[in-house]
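Here is the structure we will look at, set down as structure tokens.
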Amino acid sequence: MSKTKVTPEEALAFHMEPTPGKFEIQATVPMTTQRDLSLAYSPGVAVPCEAIAENPETAYDYTNKGNLVAVISNGTAVLGLGNLGALGSKPVMEGKSVLFKRFADVNSIDIELDTEDPDAFCQAVKLMGPTFGGINLEDIKAPECFIIEQRLKEEMDIPVFHDDQHGTAVICAAGLINALHISGKKIEDVKIVLNGAGAAGIACIELLKAMGARHENCIVCDTKGVIYQGRTEGMNQWKSAHAVKTELRSLEEAMKGADVFLGVSVKGAVTPAMVESMGDNPVIFAMANPDPEITPEEAHEVRMDAIVATGRSDYPNQVNNVLGFPYLFRGALDINARAINDEMKIACAHALAALAREDVPDEVALAYGKSLTFGRDYIIPTPFDPRLIHRIPPAVAKAGMDTGAARRPIIDMEAYELSLKSRMDPTASILTGINARARAAQARMIFAEGDDPRVLRAAVMYQRNGFGKALVVGRQDDVKEKLEAAGMGDAVRELEVVNAANTTHLDAYKSHLYERLNRRGFDRQDIHRLAARDRHVFAALMLAHGHGDGIVTGATRKSAHVLDRIGHVFDVQPKSKTAGITALIQKGRIVFMADTLVHEWPDEEDLADIAEQAATVARNMGLEPRVAFVSFSTFGYPVSERAEKMHKAPLVLDERGVDFEYEGEMTVDVALNMQAQAAYPFSRLTGPANILVVPARHSASISVKLMQEMGGATVIGPILAGVGGSIQICSAVSTANDILNMAVLAACKVG
């Protein structure tokens with residue numbers, strides 16, 4: 001996977017729009033009537049308050065404590081940026097909170113404490129203990145991080161976990177289990193060299209020793225060389241615990257004959273000569289960020305038998321903490337754990353290692369654009385493997401129960417695993433896969449409205465994120481001026497600006513257009529105006545002639561106008577088997593609404609066409625289509641002439657012999673709710689419908705906008721399907737990110 005490039009302007013806009021920050025708080029109970037308020041607050045709230053005061057364990061039943069983690073920092077070691085202070089660390093802590101939610105459905109709040117005093121820090125966290133089910137410490141410098149974590153673990157009765165230490169250690173351990181499996185070595189026999197005796201390094205070596213590595217076989221180095229017995233310079237109690245009796249004094253000396261190198265230090269700390277001196281099948285975990293101690297290319301140049309991991313996403317075997325902390329806390333929270341102990345961390349590592357040895361699901365291979373098979377270049381699962389959520393937490397929970405850390409053991413582990421499968425958002429992996437496919441496609445994307453700053457920002461993001469080449473229809477001076485106003489003046493050199501004045505293909509475009517329109521009342525002057533002056537027509541002509549691979553447009557004009565202009569070049573009129581499919585995403589569910597763009601009042605043949613186009617879109621986005629023809633009646637009741645065509649449309653599909661599920665006519669609740677479907681055992685749907693084919697364009701438009709405004713659904717589309725070219729039409733209220741998403745869909749040819 002290529003490393004994503006992010007510009008400062010893009011990063012700031014992401015954190016500012018649509019609202020400042022990265023998450024908000026939503027109520028999980030009704031808050032509309034006076035009765036709701038009376039139950040949520042006074043007087044109803046007094047009842048659970050008294051119950052918790054009498055039995056504190058019931059806080060896990062009546063409050064959100066059991067699924068709430070605090071991400072806490074003082075900002076003294078923010079990423080690789082150093083001491084930015086408490087406030088400077090807030091964007092990172094917000095980001096960590098949303099990762100908890102995204103990967104393991106753990107609710108999280110970021111807390112930034114404005115103190116560098118370990119005593120004050122510990123006191124503040126301890127006082128907040130009743131609120132949370134767990135504490136995730138983050139970006140605290142050493143050695144204070146050791147002091148703070150140890151004290152809080154001793155004084156609090158909920159899990160306290162410093163991810164910079166133990167998160168890295170767990171993923172490192174998982175990778176090492178598999179690397180040793182491949183090389184045929186045992187952890188108790190291998191010689192391990194660690195470079196970097198900070199928080200992460202110490203945690204890594206301690207966990208490996210807990211897993212069986214021998215103290216005398218582990219050499220720890222820092223900036224002053226080997227940590228040996230008797231050394232006094234630059235020592236502390238945490239380093240001293242790992243001092244060994246040895247004559248070795250430098251990293252270079254320690255590396256000779258070593259089986260494993262672990263690096264959490266700095267770029268370039270390891271030379272090719274050091275790697276060459278290691279034992280057979282050396283394992284090299286060069287985890288310094290953003291640049292490793294030695295790159296995989298450099299290591300493999302001297303040792304083809306090396307197994308190499310880094311902290312980067314653009315190399316195989318990424319040691320990524322997001323594989324660990326969300327699932328560790330998920331398992332710990334679900335048993336109301338008192339702590340996250342070594343046994344739980346080791347269980348997490350073994351579960352991750354075991355997962356990497358199994359066959360990789362197709363959706364993971366699709367997301368990464370390549371097949372993944374256990375071996376030297378795949379020893380650690382990928383962060384987007386959908387199995388992580390239901391494989392890692394059960395292993396952690398079981399270890400917690402076996403070691404007495406659980407307040408509430410899980411009785412039915414099989415039911416627990418099933419519940420974990422259902423609580424994650426499936427749309428996230430779908431969208432990840434689409435982005436990966438777009439990068440693999442490297443499509444030349446035509447951005448038709450180069451006079452709009454949002455479109456220009458999207459074009460720049462498209463190109464800088466590695467999706468392909470951005471072709472902007474506009475005037476060079478105008479594009480430059482607008483990019484400079486948006487703070488992206490340097491991007492003007494990257495984009496290819498295209499218009500009728502600078503293309504050599506205009507005559508061919510006009511000839512093509514005249515052949516299509518000369519019997520529709522257009523003379524050659526009309527054709528010239530359309531081809532040379534209308535950007536939507538010009539962009540469509542570029543696509544029709546293979547001078548681009550897709551179009552994204554519609555941000556500056558109404559979709560009906562854009563569709564009309566594109567219709568001069570492509571067949572998008574009713575009866576042309578073209579349809580607009582809009583995706584609605586809400587609460588982990590994706591439903592396609594069709595047709596939202598082309599057919600004003602489709603008949604049963606049109607509805608069948610629309611269903612087929614929608615099924616194609618769904619499959620291209622990684623879903624197995626289930627179509628419902630929806631109306632205000634269900635299977636003939638109440639009887640209505642208006643619902644008759646919705647009854648006939650499935651019969652048309654019967655005759656066509658399509659290869660996807662469909663049913664109708666039915667009301668929306670029956671289509672989407674399995675309990676409601678149970679009243680109709682003859683229904684051919686095996687699950688909730690994910691495609692709703694509606695009677696008319698106006699009903700589709702009303703439904704989409706109602707869901708967007710009242711239901712808070714995310715809207716993608718309309719996705720134009722069945723055109724004969726990859727064309728996506730944005731809405732006039734689209735942000736730059738929305739336009740980018742539509743360009744990505746066009747690159748994937750989902751229509």
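These numbers come from a predicted model, not from an experiment. Start at 1 with the first residue, then count along the sequence.
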Taking the side chain as C-beta and beyond, is there a heavy-atom pair between E661 and P625 under 4.5 Å?
-> no

So, Y662 versus E612: side-chain donor-acceptor pair below 3.5 Å or not?
-> no

Over 60° means perpendicular and under 30° means parallel, so classify the ring planes of H698 and W601, tilted if in between.
-> parallel

Those residues that, when tested against H300, pass side-chain hydrogen bond (donor to acceptor under 3.5 Å, both in side chains) (two or more places apart) | none

Sort and list the pairs that fulfil salt bridge (charged side-chain N to carboxylate O under 4.0 Å, His left out) and have at least one residue in residues 722-740, not counting sequence neighbours.
-> none

Verify the distance criterion only: is there a donor paired with an acceptor across the side chains of E449 and T556 at less than 3.5 Å?
-> yes

First locate atom NE2 of H528, then atom CZ of R533, and finally report the distance between them rounded to the nearest 0.5 Å.
-> 5.0 Å

Minimum heavy-atom separation for Q318 to G311, with atom names?
-> NE2-O, 3.3 Å

Ring centres under 6.0 angstrom apart (Y509, F538) | yes

Residues Q613 and T578: side-chain donor-acceptor under 3.5 angstrom | no

Atom CG in L372, atom CG in D359: separation rounded to 0.5 Å?
-> 11.5 Å

Whether over 12 other heavy atoms sit under 6.0 Å from R656 CZ | yes

Could you grab the distance from atom CG of L720 to atom CD1 of I727, nearest 0.5 Å is fine?
-> 6.0 Å

With a 4.5 Å heavy-atom cut-off, do Q442 and F467 have their side chains touching?
-> no

For Y378, check ring-ring contact (aromatic ring centres under 6.0 Å, His included) against everything at least two apart and list the hits.
-> none

State, with a plain yes or no, whether a side-chain heavy atom of I380 is found less than 4.5 Å away from one of V319.
-> yes

More than 12 heavy atoms of other groups within 6.0 Å of E301 CD | no

Side-chain heavy-atom pair D571, V723 within 4.5 angstrom cut-off | no

The reported gap from NE2 in H599 to NZ in K577 (rounded to nearest 0.5 angstrom) is 10.5 Å

Using the ring-ring contact (aromatic ring centres under 6.0 Å, His included) rule, collect all pairs that involve residues 431-459, keeping only residues at least two apart or in two chains.
-> F447-Y462

Rounded distance (nearest 0.5 Å) linking atom OG1 of T295 with atom NZ of K267 = 9.5 Å

Quick one: are L740 and V552 in side-chain contact, heavy atoms under 4.5 Å?
-> no

Is the closest basic N to carboxylate O distance between D534 and R557 below 4.0 Å?
-> no

Could you tell me whether K22 atom NZ has more than 12 heavy atoms of other residues or ligands within 6.0 Å of it?
-> yes

Quick note, side-chain hydrogen bond (donor to acceptor under 3.5 Å, both in side chains) partners involving residues 493-506, not counting sequence neighbours, are R464-E494

With sequence neighbours left out, which residue pairs that include part of residues 716-735 fulfil the salt bridge (charged side-chain N to carboxylate O under 4.0 Å, His left out) condition?
-> none

Which of R535, R475, K482 passes salt bridge (Lys or Arg N to Asp or Glu O under 4.0 Å) with D451? Answer is R535

Centre of Y514's six-membered ring, under 6.0 Å away, within 45 degrees of the axis: is that where NZ or CZ of R524 sits?
-> yes

Carboxylate-amine/guanidinium contact D526 R529, below 4.0 Å | yes

Output for pair (N690 CG, R626 CZ), nearest 0.5 Å, gives 5.0 Å

Between D659 and R619, does at least one N-O distance fall below 4.0 Å, as a salt bridge requires?
-> yes

On a heavy-atom basis, the closest approach of A594 and A614 is CB-CB, 4.4 Å

Shortest non-hydrogen contact from P381 to L323?
-> O-CD1, 3.3 Å

